[in-house]
Amino acid sequence: MTQAATVTERPARPGRGVALLRRPEVGAFVAAFGIFLYFSISTSAFLTPAGVATWLYSSSLFGIMAVAVALLMIGGEFDLSAGAMTGTTGLIVGIATTQWGLNIWLALVLALAAALLVGAFNAWLVTSTGLPSFIVTLATFFILQGLNLAVTKLLTGTVAIQGLGAVTGFDQARVLFGSSFPLFGMDVKISIVWWILLTGLATWVLLRTRFGNWVFAVGGQAASARQVGVPVRRVKFGLFLTTAGAAWLVGMLQLFDVSTVQATTGIGQEFVYIICAVVGGCLLTGGFGSAVGAALGALIYGMALQGIVFAQWDSNWLKAFLGGMLLLAVLVNLWVRRQAGERS
Amino acid sequence: MTGAADAGAPLLEVRGVGKSYGSVSALRGVTASVAAGEVLCVLGDNGAGKSTLIKILAGAHAPTEGTLLAHGVERQFASPRDALALGIATVYQDLALVPLLPVWRNFFLGAEITVGRGPFRRLDVAAMRRATRDDLALMGITLRDVDQPIGTLSGGERQAVAIARAVHFGAGLVILDEPTSALGVSQAALVLRYIARARDRGIGIVFITHNPHHAWAVGDRFLVLRRGTSLGEFGRDEISLEALTGLMAGGAELDALGPELDRAASARDPA
Ligand SMILES: Nc1ncnc2c1ncn2[C@@H]1O[C@H](COP(=O)(O)OP(=O)(O)OP(=O)(O)O)[C@@H](O)[C@H]1O
Ligand SMILES: [Mg+2]
């Protein structure tokens, strides 16, 4: 038996097509392009500057979270509390400034600290008990959802906080989180810039840093990663804190956009983030996926969300569409993995 | 490495080591050694104490009796890290690989090469790809694509990647826990050749197996364990494959079993 014989006896090398499909975000790219074409042709508003700015803004809010959630999922964990956390952070800033008269910058820091604390709590529970993060963060999700409503009602008597526009320093902070600038006739909101920057940063971290390498390893095979000296626990902490930080950012972006915040903000969106990540090629089992894919997943969702409005369909179609996309994505992922992935 | 290390001494040597788990004595009075460029095969049936012995060699367990010498110096390993620092690496059966990760990322996982400093510190992808390709070539493996997920390699190739990785990170002695047991004939042969390659490059190897044919193919010395005791350490010129097989199988026990097996066979086959 010779070396050459053993090398060639293996099933033929995956062709160029499969090598391309091995990239997690390819499916999402094709789908995004298709949906873009569809709504561009079938509605008149979709491709206008105002239309584009609208669906890009929608996509950006989901996209920032989806990218963070994708990193976490590649690392093998879920965070169902991420949606409620965007509400919690907004409410904290709202209450601290309008009710207690706290300086707005201090309130921002306070909200960030609270989000990171929840993230650290999630990470600590998951890593020290070994319980599935799905259950742990489902619990924190309900706790946050309850607190958001109960505490807001207790302190303000209503379920929404208004009047942030009158707070001193609001306009300065708004430059970071709620401003917009003209570009190609569009009124581009700053959150779109955040979304693009963070997607780029996440991609760089994932593919070009040690931490990114460890994220893939921890999600792919934690026991092996531990054996070769990867600090599994630290990586998971980093990922949960990243999700929490992203939830804070999105909370601020929403708050400064409309200068009010509802106690129900973010509820129900945790699954949208996960769906965007999966549509973007993340495996539910961890160890595989991409930030660009998750950003594309969010773009698909944002385009569909606004496209359905422009087409004047019943908005309930959106949920059915979302479910269909998810199913399709999971099937495509399964197929790709069988083609290019594990022999195990 | 310490100044006291003796260049002529075996890489690793155990003298009368044993290990008890509470009242259970898993291993007693085992003496063996392995030098650079030498393959020590550890043979034994299930429960013979092979895994217990390699855990002692790898620093995962402290022996409850006997002494361990690395480079001629008596040592007490507190953890596998201590053993690694002396160039003793262990490749366990699960290989510590991440199937969906590309070959080169697996190769350097946990010890990535980076460039730049502070927040700009990043992976030196080109250097790691090149090193992976070169090191695997030294083992006799030419991969078309070090970017393919390692799960797409054959079992034998994955074993070879794990061995090459241990050698790359400075192991002078590699302990292999049953590297051939889960493989078919041709893949096992492949791994045996990789072992021979590493040996020819001056690496010491401890090769655990319960297949005497595999051991005989590459071994220089043979340590046979049965029920926690050593039946002896033999050089290649001191024993034959038949004698080795007999020792391993517990010759007398099989002989006694012979008539019983015959009867069972004839009962099943009345025609
Ligand atoms: N942690 C432990 N606690 C108690 N007894 C143990 C422990 N580990 C091993 N033993 C016992 O020590 C003996 C030797 O076990 P060992 O795992 O070293 O055998 P082995 O030669 O590796 O067998 P196999 O071929 O099945 O892997 C066995 O009887 C086993 O039950
Ligand atoms: Mg064993």
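First the proteins, then the strands, lettered A, B, ... as listed; each starts at 1. Below, all heavy atoms of this structure are taken into account, side chains as well, without hydrogens, waters or symmetry copies.
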Could you check which of Gln221(A), Gln227(A), Arg226(A), Arg210(A) has the highest count of heavy-atom pairs closer than 4.5 Å to chain B?
-> Arg210(A)
Considering only heavy atoms, give the residues of residues 238-249 of chain A separated from chain B by less than 4.5 Å, sorted numerically, with 'none' for an empty result.
-> none
In terms of heavy-atom pairs under 4.5 Å with chain A, the winner among Asp124(B), Val125(B), Thr114(B), Leu97(B) is Leu97(B)
Take atom CH2 in Trp216(B); do more than 12 heavy atoms of anything else shown fall under 6.0 Å from it?
-> yes
Please indicate whether Phe211(A) has more than 12 foreign heavy atoms, meaning atoms of other residues, nucleotides or ligands, lying under 6.0 Å from its CZ.
-> yes
How close do Ala217(A) and Leu101(B) get, heavy atom to heavy atom, and via which atoms?
-> CB-CD2, 4.2 Å
CZ (Arg208(A)) and CZ (Arg122(B)) are apart, to the nearest 0.5 Å, by 10.5 Å
Inspect the surroundings of CZ in Phe134(A) and state if more than 12 heavy atoms from other residues, nucleotides or ligands are less than 6.0 Å away.
-> no
Contacting region of Leu109(B) [heavy-atom separation from chain A under 4.5 Å] | both
Measure Pro119(B) against the heavy atoms of chain A and call it side chain, backbone, both or neither at under 4.5 Å.
-> backbone
Turns out that what part of Phe169(B) lies under 4.5 Å from chain A's heavy atoms comes down to neither
So OG1 of Thr285(A) and CG of Leu100(B): to nearest 0.5 Å the spacing works out to 7.5 Å
Might you point out which heavy atoms bring Asn213(A) and Glu112(B) nearest each other, and give the distance in Å?
-> ND2-OE2, 3.0 Å
Of Pro80(B), Gly110(B), Ala111(B), Ala96(B), the largest count of non-hydrogen pairs under 4.5 angstrom with chain A goes to Ala96(B)
Contacts of Leu125(A) meeting side chain to side chain contact (heavy atoms under 4.5 Å, CB included) (sequence neighbours excluded), chain-then-number -> Phe121(A), Thr129(A), Val136(A)
Leu123(B) CG to Trp204(A) CH2 distance, which is reported to the nearest 0.5 Å = 8.5 Å
Residue Arg201(B) excluded, over 12 heavy atoms near CZ under 6.0 Å | yes
